[in-house]
2 protein chains.
Amino acid sequence: MNVIEALERRRSTRHFEPDGLLLTRESIEELIAEACLAPSEFNLQPWRFIVVRDRERKEVLRECLHRQERVRDASALVIVCGDLKGYDRAGEVVDDWIDQGIVPAGAGQDMVEGIKTFYKKSDLARAGLALRNPGFVAMALMLLATERGIASSPITGFDENAIKKVFSIPDRFVPGVIVALGLPSLRTGQPPRGKRLGPEITVFHEDMNGFKS
Amino acid sequence: MNVIEALERRRSTRHFEPDGLLLTRESIEELIAEACLAPSEFNLQPWRFIVVRDRERKEVLRECLHRQERVRDASALVIVCGDLKGYDRAGEVVDDWIDQGIVPAGAGQDMVEGIKTFYKKSDLARAGLALRNPGFVAMALMLLATERGIASSPITGFDENAIKKVFSIPDRFVPGVIVALGLPSLRTGQPPRGKRLGPEITVFHEDMNGFKS
């Protein structure tokens, strides 16, 4: 399936057929490993994934998500967590670059410090680290799922603190996005795709002068 | 090109051939319009795109990005901006849902207020709105580019305030991610892909107990 076909076929599925697909632990891990080919800033990979397949755990998650039916009916849900302290891995990443000859060994320490300082001094940079990169990897995950005939839905309207508590998510992580996976409901049709804004509204050239709110 | 092939071929290109591709205004707008098939929370589409193709404007952008060569050499750069006030469109979106019969007309007003309140009361929700959704659409953009033989690179280590100033980005937006597009350098080889963490490190099942920092 071409990328453009996958984008066109992917829909944010509102209704899943209850436990309609058997998604094994291994098949989901494989899907996630492939999605991790997505880029991340400085290759920090500031993401962790909690796979929820157990019926009782889905009910627990559902309580954090306004009791949405799709949380109960999805075959599996993947909580993509973003790491606010992902810059801690800067040393490892720079060592790889030195091994590959991209960075001279003598410049390594300064580079590690530079990366850490960049994140430590900016709230926006840390928020980006923990939210933008889960966005990359979740999008890759949804397109890969589409290619395999698995329907998906991104879920974001959650109670962060409730999820952190019941899924034992350490403080350094935030739940970035939850991806529900499964078979679309066999009874309920899928409504038309939500309207998209056209480039005449969303695209600017060379600067954003002319923006009207 | 399959999704998995596109993910495998996509590399964060470090060196572009100076102005190696002619990317017209129209072709980039088409690419962006297709990438906007990506989902966004509540279909708010909290994203705007600034396309930078002009040589002088690239130099201006380069000054905000530690004078990286790839900013000068890329054929075009797309600044994907996230809208911290994207929830302002909740009324429009809910009207679409009412038209489609997804939401009963009588429930519309409460739903609009619910969406707005959700974002207004949580800094994390607003940051997510402005950073996670640009992540989705930027990932789609990079995979579509790959499918068309266009190399790309996501750039995130920027001086937010400098970019906002020189590109006249209104306060309600943050630069979420910049995607450079072009032809890979004909002289400089591409180093091996950065190592990825395996699922034994990144994936947890049912909860995150057992995480070791």
Heaviest contributor of heavy-atom pairs below 4.5 Å to chain B, chosen from Val52(A), Ile4(A), Leu143(A), Asp54(A), is Ile4(A)
Pick one of side chain, backbone, both or neither for Arg10(A), based on which atoms fall under 4.5 Å of a heavy atom in chain B. side chain
Which atoms of Ala140(A) are under 4.5 Å from chain B, going by heavy atoms: the side chain, the backbone, both sets, or neither? both
Measuring heavy-atom distances to chain A, does Leu129(B) have an atom under 4.5 Å in its side chain, in its backbone, in both, or in neither? neither
Atom pair CG/CG of Leu124(B) and Asn161(A) - distance to nearest 0.5 Å: 9.0 Å
Main-chain N/O of Met1(B) paired with Asn2(A) side-chain donor or acceptor, under 3.5 Å: yes
Quick one: what part of Leu197(B) sits under 4.5 Å from any heavy atom of chain A, side chain, backbone, both or neither? both
Whatever's closer than 4.5 Å to a heavy atom in chain A on Leu144(B) counts as both
Check the side chains of Asp207(B) and Ser168(A) for a donor-acceptor pair under 3.5 angstrom, ignoring hydrogens and angles. no
If you count heavy-atom pairs under 4.5 Å between each of Val174(A), Ile201(A), Val166(A), Leu61(A) and chain B, which one has the most? Ile201(A)
Within the side chain of Arg53(A), is there an N or O that forms a donor-acceptor pair under 3.5 Å with the backbone of His205(B)? no
Heavy-atom distance under 4.5 Å to chain B: side chain of Leu77(A), backbone, both or neither? neither
Could you look at Glu206(B) and say if it's the side chain, the backbone, both or neither that has a heavy atom under 4.5 Å from chain A? both
Glu34(B) backbone acceptor or donor facing Arg196(A) side chain under 3.5 Å: no
Flag the one option from Gln100(B), Glu92(B), Lys58(B), Glu30(B) with the top tally of heavy-atom pairs under 4.5 Å to chain A. Gln100(B)
Residue part contacting chain B, namely of Glu160(A), when any heavy atom lies under 4.5 Å: side chain
Distance col, row Asn209(A):CG vs Ile169(B):CD1, nearest 0.5 angstrom, shows 10.5 Å
By a 4.5 Å heavy-atom criterion (distance strictly below it), what part of Val60(A) contacts chain B: side chain, backbone, both, or neither? neither
Between CD1 on residue Ile102(B) and CZ on residue Arg14(A), distance to nearest 0.5 Å: 4.0 Å
Of the backbone (N, CA, C, O) and the side chain (C-beta and beyond), which part of Arg11(B) lies under 4.5 Å from a heavy atom of chain A, both, or neither? neither
Just so I understand: if I count every heavy-atom pair under 4.5 Å between each of Glu41(B), Glu8(B), Arg25(B) and chain A, which residue has the most? Arg25(B)
Is a donor on one side and an acceptor on the other found under 3.5 Å between the side chain of Arg132(B) and the backbone of Gly176(A)? yes
Using non-hydrogen atoms and a 4.5 Å limit, figure out which bit of Pro154(B) sits close to chain A: side chain, backbone, both or neither. side chain
What part of Ile32(A) lies closer than 4.5 angstrom to a heavy atom of chain B: side chain, backbone, both or neither? side chain
CZ/Arg193(B): more than 12 non-hydrogen atoms of other groups inside 6.0 Å: yes
Heavy-atom pairs under 4.5 Å with chain B, option from Tyr119(A), Phe42(A), Trp47(A), Phe118(A) with the top count: Phe118(A)
Heavy-atom neighbours of Glu200(A) CD exceed 12 at 6.0 Å: yes
Using a 4.5 Å cut-off on heavy atoms from C-beta on, say whether the side chain of Phe167(A) contacts that of Met208(B). no
Using modelled atom types only, decide if a donor and an acceptor are shared between the side chain of Glu147(A) and the backbone of Val3(B) within a distance under 3.5 Å. yes
Heavy-atom pair count under 4.5 Å with chain B, highest-scoring of Thr202(A), Asp123(A), Val177(A): Thr202(A)
Checking Ser12(A) against chain B: side chain, backbone, both or neither under 4.5 Å from a heavy atom? side chain
Please rank Ala127(B), Ala38(B), Pro134(B) by heavy-atom pairs under 4.5 Å with chain A and give me the top one. Ala38(B)
Which answer fits Phe173(A), side chain, backbone, both or neither, if we ask what part of it has an atom under 4.5 Å from a heavy atom of chain B? side chain
Nearest 0.5 angstrom please: Lys195(B) NZ to Asp95(A) CG, how far? 9.0 Å
Side chain / backbone / both / neither for Phe136(B) at chain A, heavy atoms under 4.5 Å: both
